[in-house]
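Note sheet for the following structure.
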Amino acid sequence: QVQLVESGGGLVQPGGSLRLSCAASGSIFSINAMRWYRQPPGKERELVATITSDGSTVYAGSVKGRFTISRDSAKNTVYLQMNSLKPEDTAVYYCNADTKRSRYSAYQTYWGQGTQVTASS
């Protein structure tokens, strides 16, 4: 089994910054892509950013230029640096990761429990 634990959420004024972290632990041989999703109140969950094992990144248009996804493969951790936060960034943020527990097993996707980010004055 694999556990993903997010941290770093909170309340911030519009224009402020937050850095989210998500650490993966458990039966992990390797991790492929890692992603951040968010779910605003009353809305569907949406993909925010993706980072592959070779460091390639993709962002949703609404966050491009403001958010940066990165990872520390030695620590099995993914980060999301969020700058210039807007009220519409308010959401529960979730990380997920495609992991496998041995060289010959298939990748499986695991989710964290979510962390609340609120941008409000």
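One-based numbering along the sequence shown. What you are looking at is a predicted structure, and each value in this text was computed from that prediction instead of being measured.
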Verify side chain to side chain contact (heavy atoms under 4.5 Å, CB included) between F67 and D89, making sure each step is shown before the conclusion.
CA-CA 11 Å; F67 290 11; D89 294 317; 3.9 Å; yes
Please evaluate residues L80 and T68 with respect to the criterion side chain to side chain contact (heavy atoms under 4.5 Å, CB included), reporting the C-alpha separation (whole Å), side-chain torsions for both, the decisive distance (0.1 Å), and the verdict.
CA-CA 6 Å; L80 186 68; T68 302; over 6 Å; no
Criterion side chain to side chain contact (heavy atoms under 4.5 Å, CB included) on Y94 and R35, from CA distance to verdict:
CA-CA 8 Å; Y94 300 88; R35 306 171 190 87; over 6 Å; no
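Cluster annotation: V92 is not connected to I69 through the hydrophobic network of ILVMFWY side chains, with a link wherever side-chain heavy atoms come within less than 4.5 Å. The hydrophobic clustering, which links ILVMFWY residues whose side-chain heavy atoms are closer than 4.5 Å, places Y37 and I51 apart.
Taking each heavy atom of S84 and S17 in turn, the nearest pair found is N-OG, 4.3 Å. Across N96 and T109, no two heavy atoms sit closer than the pair ND2-CG2, 3.6 Å. When every heavy atom of V117 is checked against every heavy atom of M82, the shortest pair comes out as CG2-CE, 3.8 Å. When all heavy atoms of C95 and V78 are compared, the closest pair comes out as CB-CG1, 4.4 Å. Contact detail for L47 and W36: the closest heavy-atom pair is CD1-O, 3.6 Å. The heavy-atom pair separating S121 from P14 by the smallest distance is N-CD, 3.6 Å.
For the side chain to side chain contact (heavy atoms under 4.5 Å, CB included) with V2, the qualifying choice from I31, T99, N76 is T99, the only one to do so.
Judged by a 6.0 Å distance limit and a 45° cone about the ring axis, R45 is positioned over the six-membered ring of W111. Because its NZ or CZ atom is both nearer than 6.0 Å to the ring centre of Y79 and within 45° of the ring axis, R19 counts as a cation-pi partner of that residue.
Once rounded to the nearest 0.5 Å, the distance linking CE of M34 with CG of L4 reads 6.5 Å. Taken to the nearest 0.5 Å, the OG atom of S21 stands 14.0 Å off from the CZ atom of R71. Atoms CD and CD, on E6 and Q116 in that order, are 12.0 Å from each other to the nearest 0.5 Å. Taking NZ of K100 as the start and OG of S105 as the end, the distance is 6.0 Å to the nearest 0.5 Å. One distance of note links OG of S62 with CD of E46; it measures 5.5 Å at 0.5 Å rounding.
Put simply, the side chain of S56 never gets that close to the backbone of D54: no donor and acceptor are under 3.5 Å apart. Judged by distance alone, with hydrogens and angles left aside, the side-chain atoms of Y110 form no donor-acceptor pair with the main-chain N or O of Q1 at under 3.5 Å.
Inter-residue side-chain proximity for T50 and T57 is flagged as unmet; no heavy-atom pair is nearer than 4.5 Å. Residues L20 and T115 form a side-chain contact, since some pair of their non-hydrogen atoms from C-beta on lies under 4.5 Å apart. Here the side chains of P87 and S120 are not in contact, with every heavy-atom distance at 4.5 Å or above.
Side-chain contact annotation: E88 with T90, donor-acceptor N/O pair under 3.5 Å absent. Between the side chains of N83 and R66, no donor N or O sits under 3.5 Å from an acceptor N or O. At a cut-off of 3.5 Å, with distance as the only test, a side-chain donor of Y107 or S30 sits close to an acceptor on the other residue.
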